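All residue numbers refer to positions in the sequence shown, counting from 1. What you are looking at is a predicted structure, and each value in this text was computed from that prediction instead of being measured.
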Amino acid sequence: MSDYQPTEIDALVPPDTRPPHYNATAPAPHPTGNEEERQQQQKRHPDPYKRSFIPRLLLFMLLFLLAFVSLLLLLSLLLALIHPGLSVWLPPHRSSTSTPLLLSFISALLSLSSLLTFDTPSIMTRVVLWFCLGCAFLDLILLVSVNSLRHRENWLGISSILLILATLATALGANVYVDKVYKETARAQLAMTPEEAEVRAMIVATQGGYWAGRIKKALKVLLEFMLAFTSAIGLFMITLNLVVVAADSTLDLPYPTSQLVSVQPPPSRWPYNIHIACAGQRNNTVPPSLVSAGKQRPVMLYESMSGIPGTLGGEWVFRLAEEGVERACIWDRPGYGFSDSSPGSDVPHVTEALHSALKRMDESGPFMLIGAGYGGLVTRYFATLYSKQTHSVLYIESQHPSLFYQGPPLSSAPDFWRYAGSALGWSRLADFVRGERPSNTRWWRTVGPNADGLQKVRLDERLQAHRRDSLSSIALNSTYPDYPFHTPTIVLTSRERMDNTSNWQRVQRDIWSGAVGDAKVAWRIVKGTEHDLCKGLRGEGECRRAVEELLLL
């Protein structure tokens, strides 16, 4: 009679199907005869799954490292949006950072999904990863070969593409290698003796949960494929957007006198280009006798409202200069229009960038400052810092520091999603489908109101307005003691805006009260115009009239 006692593992196995001396907890019997031959065969042909442990571990650790680096870069870019001062510690760049942000997000998504589904390789995922790898290589070629992309994206963009290339190559290599190991293991199982196969089948049967494991594996394969497919769509859209931007870079600047001026205001650690265009007779051509007699004519300097590049909003000022009224300069703030993006979009940084560009172009003023909307804040700060170079001020539907701080709660989520998705080129694709292209913009709004650089600046401006301790808030509040109250001032306000927007009349009155005595030239409330007051026949006529009135002073 056998002394065999069933265990909790093999108790359910029928006694007549148990191999001799089968006991999961009993010590292994001394190998004899065929058993010795089987062990010798295992030594000559070890289990492929056990043999590949070290390579699989290295691939897993490399994916973990790439996921950590991707998440670190993603977190750094997000923190730089909230605290623009941190952006100077990122690799050099002159772009909106939306493309590196999306690339780091896709890299983190792919590496984390590869870690979660490391043991479930599939051919569908491999095909999608190969497609992603091709798009990433094309992105790298574009960034290296196209001068404008290489200038704007610089090391930050190249680093993000190299990171996603490494992630894709590692994920693809892990998928191929693990699949190869499983196939070798399956072939080794087919080569088992009938006795070994019987033992393995009974062990699998006693473990239970076979179908649950199969369903879990299928769900993991589906999850990995869906994440990889979503990443492939994102990479394809990014690639298409970069191709459009590269094609747009071959077009000329909008005006014959347009220049890209290199500036480096603090705290930027690298220079970037500012687009500025001037027309009309320069002051340095005026005879010295007229200059000494105080006959030096002012230069009209236009500052656009939020969301509109200066080269679009200031066209009417440029037409005045081309008609011979007086010299005028219009420019695109950092991130707007044809200008590069800068590390910060706060009012002090923007003002220093403008003054540096004017100095590089030998434009010393005096300036008639024309500020529209948000541009009125930059105009006010410029007049405070450089009062000796300020001839007069024209505020057009301008904002005031008392209205700049909006306070919590934070309501810039839509601006963030528009910025984050701008690298996908949704707006340009929509314009292409509709067959539309706004005037004076490059193909498919590459530098238009929905361009990625401008979306980044609008997000920065909104975030600055939500923090009382932001650089813009501190700078604008500091203008009160040093503001040139005796500078001739005209204020133009839309009647419709005053009727439809609460406190707007109070804000315009605060702007008007900033002038003292004879500096109060006029406050005109214009009917039949919108917030972009100088747009349209009636509004442009009022703006021209105000400019000509200030020129006579």
Check the pair L101, L78 against side chain to side chain contact (heavy atoms under 4.5 Å, CB included), reporting the backbone distance first and the verdict last.
CA-CA 8 Å; L101 181 74; L78 291 175; 3.9 Å; yes
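For the pair L424 and M237, the tightest heavy-atom approach, listed with the atom from each and the gap, is O-CE, 3.2 Å. Across all non-hydrogen atoms, the minimal contact from M368 to P298 is N-CB, 4.2 Å. Taking both residues in full, the closest heavy atoms of I161 and L143 are given as CD1-CD2, 3.6 Å, listed atom of the first, atom of the second, then distance. The two residues D469 and I474 come nearest to each other via the heavy atoms O-CD1, 3.5 Å. Shortest non-hydrogen contact noted between Y336 and M305 is CE2-O, 4.2 Å. Closest of all the heavy-atom pairs between L90 and L77 is CD1-CD2, 3.6 Å.
Listed by first then second residue, pairs satisfying ring-ring contact (aromatic ring centres under 6.0 Å, His included) with a partner in residues 86-106 read H93-W270, not counting sequence neighbours.
For R506, the CZ atom sits in a packed shell: over 12 heavy atoms of surrounding residues, nucleotides or ligands are nearer than 6.0 Å.
The aromatic rings of Y483 and F485 stand perpendicular to each other, their planes meeting at an angle above 60°, with 30° marking the opposite boundary. Classified by interplanar angle (parallel below 30°, tilted 30° to 60°, perpendicular above 60°), the ring pair F236/F131 is tilted.
The ring pair (Phe, Tyr, Trp, His ring centres under 6.0 Å) search around W155 returns none, not counting sequence neighbours.
No hydrogens or angles considered: a donor-acceptor pair under 3.5 Å links the side chains of S98 and S96. A donor-acceptor pair shorter than 3.5 Å cannot be found between the side chains of S339 and D332. In this structure, a donor-acceptor pair under 3.5 Å is present between the side chains of H275 and S258. Checked by atom type, the side-chain pair S306/E461 shows a donor-acceptor distance below 3.5 Å. Judged purely by distance below 3.5 Å, without hydrogens or angles, the side chains of Q508 and T493 pair a donor atom with an acceptor atom. Between the side chains of S107 and S104, no donor-acceptor pair of N or O atoms lies under 3.5 Å. Between the side chains of E153 and S95, at least one donor-acceptor pair of N or O atoms lies under 3.5 Å. There is no side-chain donor-acceptor pair under 3.5 Å between T479 and T384.
Of the residues listed (R497, R524, R495), the one engaging E397 in a salt bridge (charged side-chain N to carboxylate O under 4.0 Å, His left out) is R497, and it is the only one. With respect to L454, the side chain to side chain contact (heavy atoms under 4.5 Å, CB included) criterion is satisfied by exactly one of S422, S341, P309: P309.
Ring-centre distance between H391 and F367: not below the 6.0 Å cut-off.
A salt bridge is absent between R458 and D415: the closest approach of a Lys/Arg side-chain nitrogen to an acidic carboxylate oxygen does not fall below 4.0 angstrom.
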